[in-house]
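Inspection log for the structure reproduced underneath, given as structure tokens.
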Amino acid sequence: MLLLISPDSVEEALDCAKAAEHLDIVDVKKPDEGSLGANYPWVIREIRDAIPADKPVSATVGDVPYKPGTVAQAALGAVVSGATYIKVGLYGCTTPDQVVEVMRGVVRAVKDHRPDALVVASGYADAHRIGCVNPLAIPGVAQRSGCDAAMLDTAVKDGTRLFDHVPPDVCGEFVRLAHEGGLLAALAGSVKAEDLGALTRIGTDIVGVRGAVCEGGDRNAGRIQPHLVAAFRAEMDRHAREHAAVVTPTG
């Protein structure tokens, strides 16, 4: 399982760089513009320059409306700025066909510029609260549109968490559907260390966190702390070892 950390500034990215050995992907977002709020192109570039070259940069393009052309241009801006994971929050898409139309445009815009970049279609665990596409529809539409990964996050940051809206068994179904479609499965949404056992068991490929590695657990007022990143990774590794021991017992 890969660990994705989301700094909201160049200063926080430098904190991530101090903990680079403990994380896998640095994700650029702007939390005050939404759960998948897009940051400025120059911030993406500065963060790309601030972290080790072997750590890929992910960038969100926003909690987007159903405007395929607009979203395609935003996605191109992110990849041109140095991101290699391009995440699209499908906030304004109310049907699977709308998702496919938006994501096909994103895939073409991104891959025409950088074929090795990865496109991530992100739905919301609390979709019922905002009227967007059902979480379990995301892997299918991501596969249909040529994406590389399907993701779930939470849209409303009010203290409720991923498993409050989509329990572990349903997240497991999401992961299974993603893998059946040849996609990576990414899960986020106020994830804490106590969730790592379930996330490991269901086969999650990427776990995204912010609040869990911020001072005071506060994704908005707190700042990412390198020692909290290290502690979170240690918990991930412990669960991975325990899961491997269960799956492949010795003796």
Side-chain angles (χ1 to χ4, degrees), residues 4 6-10 25-48 56-135 137-157 181 183-184 186 188-189 206 208 210:
L4 177 149
S6 300
D8 67 356
S9 65
V10 177
I25 305 165
V26 175
D27 179 55
V28 186
K29 62 171 60 171
K30 199 166 181 286
D32 62 357
E33 292 194 15
S35 65
L36 292 167
N39 215 317
Y40 299 106
W42 51 89
V43 173
I44 299 173
R45 285 196 299 269
E46 290 174 19
I47 288 177
R48 172 64 281 174
V57 166
S58 162
T60 56
V61 302
D63 296 308
V64 305
Y66 171 53
K67 292 186 176 180
T70 299
V71 180
Q73 284 205 34
L76 178 60
V79 73
V80 166
S81 300
T84 49
Y85 286 73
I86 310 300
K87 291 164 54 183
V88 181
L90 296 160
Y91 194 97
C93 295
T94 58
T95 69
D97 286 344
Q98 288 182 353
V99 172
V100 171
E101 186 180 358
V102 167
M103 293 311 303
R104 280 180 176 164
V106 169
V107 168
R108 179 171 177 177
V110 168
K111 302 283 188 178
D112 280 355
H113 179 77
R114 183 166 181 168
D116 64 336
L118 300 177
V119 176
V120 184
S122 184
Y124 300 91
D126 51 350
H128 60 283
R129 303 170 87 182
I130 58 172
C132 64
V133 172
N134 184 290
I138 296 298
V141 290
Q143 191 271 334
R144 282 172 57 196
S145 52
C147 296
D148 302 285
M151 181 175 183
L152 285 183
D153 203 330
T154 50
V156 182
K157 299 299 184 180
L183 306 170
L184 296 170
I206 302 169
R210 175 170 171 79

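Considering every non-hydrogen atom in both S58 and A83, the closest pair reads C-CB, 4.3 Å. Scanning both residues, G189 and T154, for their nearest heavy atoms gives CA-OG1, 3.5 Å.
Counting heavy atoms from C-beta on, the side chains of M103 and V141 never come closer than 4.5 Å. Put simply, the side chain of L4 does not reach to within 4.5 Å of the side chain of Y85, judged on heavy atoms. You'll find the side chain of L90 stays beyond 4.5 Å of the side chain of V133, heavy atoms only. Using a 4.5 Å heavy-atom threshold, the side chains of D97 and R144 count as touching. Residues P7 and V26 are in side-chain contact: their nearest non-hydrogen atoms beyond the backbone lie under 4.5 Å apart.
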**Request:** Begin with the C-alpha distance, continue with both residues' side-chain angles, and end with the deciding distance and a verdict on salt bridge (charged side-chain N to carboxylate O under 4.0 Å, His left out) for K157 and D32.
**Result:** CA-CA 11 Å; K157 299 299 184 180; D32 62 357; over 6 Å; no
**Message:** Does D148 form a side-chain contact (heavy atoms from CB on, under 4.5 Å) with K111? I'd like the steps, not just the answer.
**Reply:** CA-CA 11 Å; D148 302 285; K111 302 283 188 178; 2.9 Å; yes
**Request:** Take T60 and E33, measure what side-chain contact (heavy atoms from CB on, under 4.5 Å) needs, and give me the verdict at the end.
**Result:** CA-CA 11 Å; T60 56; E33 292 194 15; over 6 Å; no
**Request:** Decide yes or no on side-chain contact (heavy atoms from CB on, under 4.5 Å) for Y124 and D63, but give the supporting numbers first.
**Result:** CA-CA 10 Å; Y124 300 91; D63 296 308; 2.4 Å; yes
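Residue R108 places its CZ atom among 12 or fewer non-hydrogen atoms of other residues, nucleotides or ligands, all under 6.0 Å distant.
Counting only distance, with no hydrogens or angles, the side chain of K30 and the backbone of Y40 share no donor-acceptor pair below 3.5 Å.
Residue C147 holds its SG atom at 10.0 Å from CZ of R104, rounded to the nearest 0.5 Å.
One finds no salt bridge joining D27 and R210 here, because no Lys/Arg side-chain nitrogen approaches an Asp/Glu carboxylate oxygen to under 4.0 Å.
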